[in-house]
Novice: 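I have a structure here, written as structure tokens, and I will follow up with some questions on it.
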Amino acid sequence: MKFNNRNVFVDPSVKIGVNVKIGDNSIIYPNVFIGDNTIICNDCIIGEPPSVYYKDMDNYINPPTYISANSMIRSHCIIYAGSEFGEGLITGHRATIREKSKFGINCLISTLADVQGNCEVGDYSRLYSNVHVGEKTKIGKYVFVFPYTVFTNDPLPPSDVLLGATVGDYSIITIHCNILPGVHIGSNCLVGANSVVSRDIEDFSFAIGSPAKRKMDIREIPSKKDSYTNYYPWPNNFERGMPWEKIGFEEWTKLNTQS
Amino acid sequence: MKFNNRNVFVDPSVKIGVNVKIGDNSIIYPNVFIGDNTIICNDCIIGEPPSVYYKDMDNYINPPTYISANSMIRSHCIIYAGSEFGEGLITGHRATIREKSKFGINCLISTLADVQGNCEVGDYSRLYSNVHVGEKTKIGKYVFVFPYTVFTNDPLPPSDVLLGATVGDYSIITIHCNILPGVHIGSNCLVGANSVVSRDIEDFSFAIGSPAKRKMDIREIPSKKDSYTNYYPWPNNFERGMPWEKIGFEEWTKLNTQS
Amino acid sequence: MKFNNRNVFVDPSVKIGVNVKIGDNSIIYPNVFIGDNTIICNDCIIGEPPSVYYKDMDNYINPPTYISANSMIRSHCIIYAGSEFGEGLITGHRATIREKSKFGINCLISTLADVQGNCEVGDYSRLYSNVHVGEKTKIGKYVFVFPYTVFTNDPLPPSDVLLGATVGDYSIITIHCNILPGVHIGSNCLVGANSVVSRDIEDFSFAIGSPAKRKMDIREIPSKKDSYTNYYPWPNNFERGMPWEKIGFEEWTKLNTQS
């Protein structure tokens, strides 16, 4: 259905691993590396050149872009040159990821997500639909960012300062949050819907509101049903797609601490 | 302008009614049914296969997709296989609608709307720009959802629970609202801008805030101008595109109650 | 890379200036004017016909669309016929701009911005990612609207009234704001993140909240660092891309007042 080699253009400089599929109407620009078993669906642009290209096209050299093995890029994504993704990347449709972004392994970048470049996102982190990540944002590992949350970076708009926010490992940021420039959200935090995070949030906080304030320790969040008692920290109770799948977080942590 | 048969691919299994137009660069995958007088504009994907396709492409069979008569799908939409739309569907550009979604007749799905699948939306309901509908959401008839409102479904993120919200007939949800998992918004409600709906809202409520609280009965909303007195319930005062157009809601209700 | 004349269609009626580039898979519909030195990247639709086209395709005449000189339209944009843009327009990817929109010179319309038509935006104004501009909105000059802010226009939804908001020159509207129908935001205002602007805001206000209220005069905003003292009004401290670049706002104002 999707892989008929219709209107597909792959620059001769592109290095493609074994068992790779590229969908119809997709374009792979120069100096892209695509790892084994990766699927790039239809209508994608991989290795999109940044602004400097338009200033001197004749002498322009596209910086390298790394799409690693076992990845799945859904249709209509635009991935700029000069970005790097670990193995097992999954995207939704129409994600836009600008230059010099660095993602760890097994990340998710969902439909319409808009990553502005010069960002870092750690292993197993997930950006859901329409998440907007401003330049210089640094997101840790095992972080979930839910739809329509926006990371900003300009402390006095408009200015020339780029002050990215940072998020620690295992944190959950729910929908429609506003993460203001330079704030640090600790590890194992839960930020409630529609919050404006204007000050740092310490580890293990459940924070919500505008401005977002710590309401309690996440380990004290009351369960809605008996079965959910002590749901947070969530890695003890959720393992789908995580490296501790089938062995549990506690056992996995032990194994990783020993090594 | 739009219908030159350039780079159009329609699978031989597709059943197409009379007087149907399909725009340039559009792809119709297997087992799609398109009703009479329907227009599918350029750069659309209809019958997009869900994830299971990628696991075994050779043995994959695309589930049926029903686009009914008199519909108008604007450019760059992606509609997954296994969804079903009643007659008179209108979309904006770049809407994404995933599998097993079921829409009634005369619905609107506007530009950049993102419907995650396994949803139900009743007759004459309208999802405006950038509305995000999580899986398992159930929206009634004659419901208006305004831009950037998000329906969620995970009560303890991240978890494996999918608990969709429900919305009763004739309700209006304005912009940037956050509808939390499993809440029920009654019929004839009006939810104010930027609200976080975390608890059920009873019929005929005007609710707003974070968390959204009932402020008054919608029938008591003061009019801004004399001519708007008793504007709500809105069906008495708005009929464009509604089945009571030209006869009025009261008369239409009588006719429908009798039959 | 982008300009190989593959799958490009330009209607014979299109008037193209000197040194114009049009990217692969782009379509330019009838009666578009493209000024000198403009770049239209790949997969763009310029001169998209409004709804009336579908009612009588044989007799339809596309209204004129003006893309002026020195503009840069990134990939996957849809620009409707009947709109007009001053020189130096820059867009992101996948912006959608509907009919009868009028933009001044040197405007920015960023990725996924959704302009609903019948709007006016003044010189040097910038709409960032995913800004949604309802019909009849009027935005002044040197205005910055940050991501996910929504301008609405229906005072009693759903109704047939279109009451656009207005924004004065030099104002800054930050992320995720909700601008309600018919409100006037004065000049030199700063609206904080996630605000709901439901009443008029006077010139030089810093306003925030739901409903947004004036907190102080922008000239009294305390600086976070010594170097930022008296940052607002911002034109005294920011000049990148502005007409006062290199001469300063004060000097530029003198020159402009004299002439």
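By convention in this document, chain letters (A, B, ...) are assigned in the order of the sequence lines, proteins followed by strands, and residues within each chain are numbered from 1.
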Novice: Check whether any side-chain heavy atom of A:Trp234 lies under 4.5 Å from a side-chain heavy atom of B:Ser159, and answer yes or no.
Specialist: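 Side-chain contact under 4.5 Å: no.
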
Novice: List the residues meeting side chain to side chain donor-acceptor pair (under 3.5 Å) with B:Ser71, not counting sequence neighbours, and say none if there are none.
Specialist: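 Expected list: none.
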
Novice: Can we call the ring centroids of A:Tyr128 and B:His132 under 6.0 Å apart?
Specialist: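 When the ring centroids of A:Tyr128 and B:His132 are compared, they turn out to be at least 6.0 Å apart.
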
Novice: Is it the case that the side chains of A:Ser129 and B:Asp114 hold a donor-acceptor pair, with the cut-off being a distance below 3.5 Å and no angle test?
Specialist: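 Note: B:Asp114 and A:Ser129 side chains meet the donor-acceptor criterion.
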
Novice: Does any non-hydrogen side-chain atom of B:Met57 lie less than 4.5 Å from one of A:Ile39?
Specialist: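 Heavy-atom side-chain distance check passes, below 4.5 Å.
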
Novice: Where does A:Arg126 contact chain B at under 4.5 Å (heavy atoms): side chain, backbone, both or neither?
Specialist: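 Neither; nothing under 4.5 Å.
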
Novice: With respect to chain A, which residue among B:Pro49, B:Ser210, B:Gly47 yields the maximal number of heavy-atom pairs within a distance under 4.5 Å?
Specialist: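 Of the candidates given, the most pairs with chain A belong to B:Pro49.
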
Novice: When only pairs under 4.5 Å are counted, which of A:Arg94, A:Lys21, A:His93, A:Met72 shares the most heavy-atom pairs with chain B?
Specialist: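 Among the listed options, the one with the most contacts to chain B is A:Arg94.
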
Novice: Between the side chains of A:Tyr148 and B:Asn130, is a donor N or O closer than 3.5 angstrom to an acceptor N or O?
Specialist: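 Their side chains do contain a donor-acceptor pair, which is all the 3.5 Å distance test asks for.
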
Novice: Checking heavy atoms, do the side chain of B:Leu112, its backbone, both or neither come under 4.5 Å from chain A?
Specialist: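 Answer is both: backbone and side chain atoms of B:Leu112 are under 4.5 Å from chain A.
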
Novice: Determine whether a donor-acceptor pair (N or O, by modelled atom type, separation under 3.5 Å) exists between the side chain of A:Arg240 and the backbone of B:Pro158.
Specialist: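 It does not hold such a pair.
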
Novice: Is any side-chain heavy atom of A:Asp43 closer than 4.5 Å to a side-chain heavy atom of B:Ile45?
Specialist: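 Heavy-atom side-chain distance check passes, below 4.5 Å.
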
Novice: Taking distance alone, no hydrogens or angles, what donor-acceptor pairs closer than 3.5 Å link side-chain atoms of residues 1-9 of chain A to residues at least two apart or in another chain?
Specialist:
unit_1 : atom_1 : unit_2  : atom_2 : d
A:Lys2 : NZ     : A:Asn42 : OD1    : 2.4
A:Lys2 : NZ     : B:Glu48 : OE1    : 2.9
A:Lys2 : NZ     : B:Glu48 : OE2    : 3.0
A:Asn4 : ND2    : A:Met1  : O      : 2.9
A:Asn4 : ND2    : A:Asp24 : OD2    : 2.8
A:Arg6 : NH2    : A:Asp24 : OD2    : 3.4
A:Asn7 : ND2    : A:Asn25 : OD1    : 2.7
A:Asn7 : ND2    : C:Asn25 : OD1    : 3.3

Novice: Highest number of heavy-atom pairs under 4.5 Å with chain A: which of B:Asp160, B:Asn62, B:Val196?
Specialist: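 The candidate making the most pairs under 4.5 Å is B:Asp160.
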
Novice: Quick one: closest heavy-atom pair of A:Pro147 and B:Val150, and the distance?
Specialist: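 Heavy-atom minimum between the residues: CB-CG1, 4.5 Å.
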
Novice: Which atom pair, heavy atoms only, marks the closest approach of B:Pro157 to A:Tyr232?
Specialist: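 Scanning both residues, the minimum pair turns out to be O-OH, 2.9 Å.
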
Novice: Side chain, backbone, both or neither: which part of B:Thr96 has a heavy atom under 4.5 Å from chain A?
Specialist: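 Both backbone and side chain.
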
